[in-house]
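Atom set for the values below is all heavy atoms of this structure, side chains included, hydrogens, waters and symmetry mates excluded. Small disclaimer: the values here were computed from a predicted structure and weren't measured. Letters A, B, ... mirror the listed sequences (proteins, then strands); counts begin at 1.
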2 protein chains.
Amino acid sequence: MKYSKQRELILKTLQENVIHPTADEIYHLARKEMPSLSLATVYRNLNQLAENHVIRKIESLDGSVHFDHNLCNHYHFICTKCHKVYDVPYDVAPDLANKVLAKTGLWVENFDISFKGICQNCKKFN
Amino acid sequence: MKYSKQRELILKTLQENVIHPTADEIYHLARKEMPSLSLATVYRNLNQLAENHVIRKIESLDGSVHFDHNLCNHYHFICTKCHKVYDVPYDVAPDLANKVLAKTGLWVENFDISFKGICQNCKKFN
DNA sequence: GCAAAAATAATAATCATTATCACTTTTATG
DNA sequence: CATAAAAGTGATAATGATTATTATTTTTGC
């Protein structure tokens, strides 16, 4: 990977955002700083960064795709109302990969664990 | 929900398939029996059945959407080579919802837990 | 400095899914 | 049984997210 201003900005934008933004959200945020930025560039770089394990791709339950700069083991909670993505610490269920191996013989390389419900913020306004 | 031949066939097709097919796969399978069946009808019915909790929608890690007739608590293992979806029994990690609640205060209504790796069948042909 | 490799912006193309709509089937009721 | 309202269907157009293409620009090792 060669250096590029665009990639640096895209990564910075993701890292500054706690909300696990989508490609489109990153596009709009980053364009404030670099109006010439192209949507295709955002997609290209996010996928590239994910392939190189610099960031992580999250497939949400509603089919939307979010990105996460946090590479440590953890899970996600996705609000069914506002679609925000929250982090759930790994110690809720550590060592799942080993348990799957023991039970099924299947070797887990990666996992995507998301819980679904209404977040505390949205519950307030019910 | 009123009765319809099409919905009955779509459900039967899903139940007879162990492989957690996609909408398109169900479309092609069911058309063998009812060639006039429309793709839109398949999508409409699968979503309707999922909303009514007769079947379950699975969002795979690669973004593809599969359907599952098994409503019991269980997880999935998705092969990164052949994209088949396997079942992993719930007792690998029971009571996750309660653990999330205890740790984060977030109320889990549903979850989507998929593990990723290469299945035993694909490993044979490496 | 300069050529090769990689990246970009803009936009066209793709692909899964959903919306629309004229028509048909189901079903409750008299 | 007749019938009308509600729900469902098939065909296809529309949508929306993502990817491919391409001419041009940047980066980087020598």
- prompt: Within the structure, does a side-chain N or O atom of B:N47 lie under 4.0 Å from either OP1 or OP2 of C:dT17?
  reply: no
task: Following the transitive rule for hydrophobic clusters with a side-chain heavy-atom cut-off under 4.5 Å over Ile, Leu, Val, Met, Phe, Trp and Tyr, establish whether A:V92 and B:Y90 coincide in one cluster.
output: yes
- prompt: What's the CD-P distance between B:E25 and C:dA16, to the nearest Å?
  reply: 11 Å
task: Report the distance from atom CD of B:E8 to atom P of C:dT26, rounded to the nearest whole Å.
output: 11 Å
query: Which is true for A:R7 with a 4.0 Å heavy-atom rule: it touches a base, it touches only sugar-phosphate, or it touches nothing?
result: sugar-phosphate
- prompt: What nucleic acid atoms does A:S36 come within less than 4.0 Å of, heavy atoms only: base, sugar-phosphate, or nothing?
  reply: sugar-phosphate
- request: Please check the phosphate of D:dA11 (OP1 and OP2 only) for any side-chain N or O of B:S38 closer than 4.0 Å.
  value: no
- prompt: Think A:N45 has a side-chain N or O under 4.0 angstrom from the OP1 or OP2 of C:dA7?
  reply: no
- request: Give a yes/no answer on whether the side chain of A:R44 brings an N or O atom under 4.0 Å of OP1 or OP2 in C:dT8.
  value: yes
task: Indicate, with yes or no, if B:L9 and B:I19 share a hydrophobic cluster defined by side-chain heavy-atom contacts under 4.5 Å among Ile, Leu, Val, Met, Phe, Trp and Tyr.
output: no
message: Using a heavy-atom cut-off of 4.0 Å across all strands, would you classify A:Y3 as base, sugar-phosphate, or nothing?
response: sugar-phosphate
- request: Kindly indicate whether the side chain of A:R7, heavy atoms from C-beta on, has any atom under 4.5 Å from the side chain of A:Q48.
  value: yes
task: Count the heavy atoms belonging to other residues, nucleotides or ligands that lie under 6.0 Å from NZ of B:K84, then report whether that count exceeds 12.
output: no
query: Once you round it to whole Å, what is the distance between C1' of D:dT9 and CG of B:L9?
result: 14 Å
field: Contact under 4.0 Å: B:Q6 side-chain N or O vs C:dT25 OP1/OP2
entry: no
message: Is the ring pair A:F115/A:Y75 parallel, tilted or perpendicular, if the boundaries are 30 and 60 degrees?
response: perpendicular
B:K5 side-chain proximity, nearest of C:dT26, C:dT8, C:dA4: C:dT26
- prompt: Quick one: do the A:D87 and A:H20 side chains pair a donor with an acceptor below 3.5 Å?
  reply: yes
- request: Quick one: label B:D24 by what it contacts on the DNA or RNA (base, sugar-phosphate, nothing), any heavy atom closer than 4.0 Å.
  value: nothing
query: For B:L46 and C:dA16, what is the distance between atoms CG and P respectively, to the nearest whole Å?
result: 15 Å
- line: Atom CE of B:M1 and atom P of C:dA28 are separated, to the nearest Å, by 14 Å
task: Please determine if a side-chain N or O atom of B:Q48 lies less than 4.0 Å away from the OP1 or OP2 oxygen of D:dG8.
output: yes
message: Is there a side-chain contact between B:S4 and the phosphate of D:dT9, meaning an N or O under 4.0 Å from OP1 or OP2?
response: yes
Atom pair distance, as rounded to whole Å: CD in B:E51 and P in D:dG8: 11 Å
field: Between C:dA5 (C1') and A:K2 (NZ): distance, integer Å
entry: 4 Å
- request: Map B:L37 and A:K57 onto DNA chain D by nearest heavy atom, then report which one ends up closer to the 5' terminus.
  value: B:L37
task: Output yes when at least one side-chain N/O atom of B:Y43 is less than 4.0 Å from OP1 or OP2 of C:dT17, else no.
output: yes
field: Separation of D:dT18 C1' from A:L39 CG (nearest whole Å)
entry: 8 Å
message: At 4.0 Å (heavy atoms only), tell me whether B:T41 reaches a base, stays on the sugar-phosphate, or touches nothing.
response: base
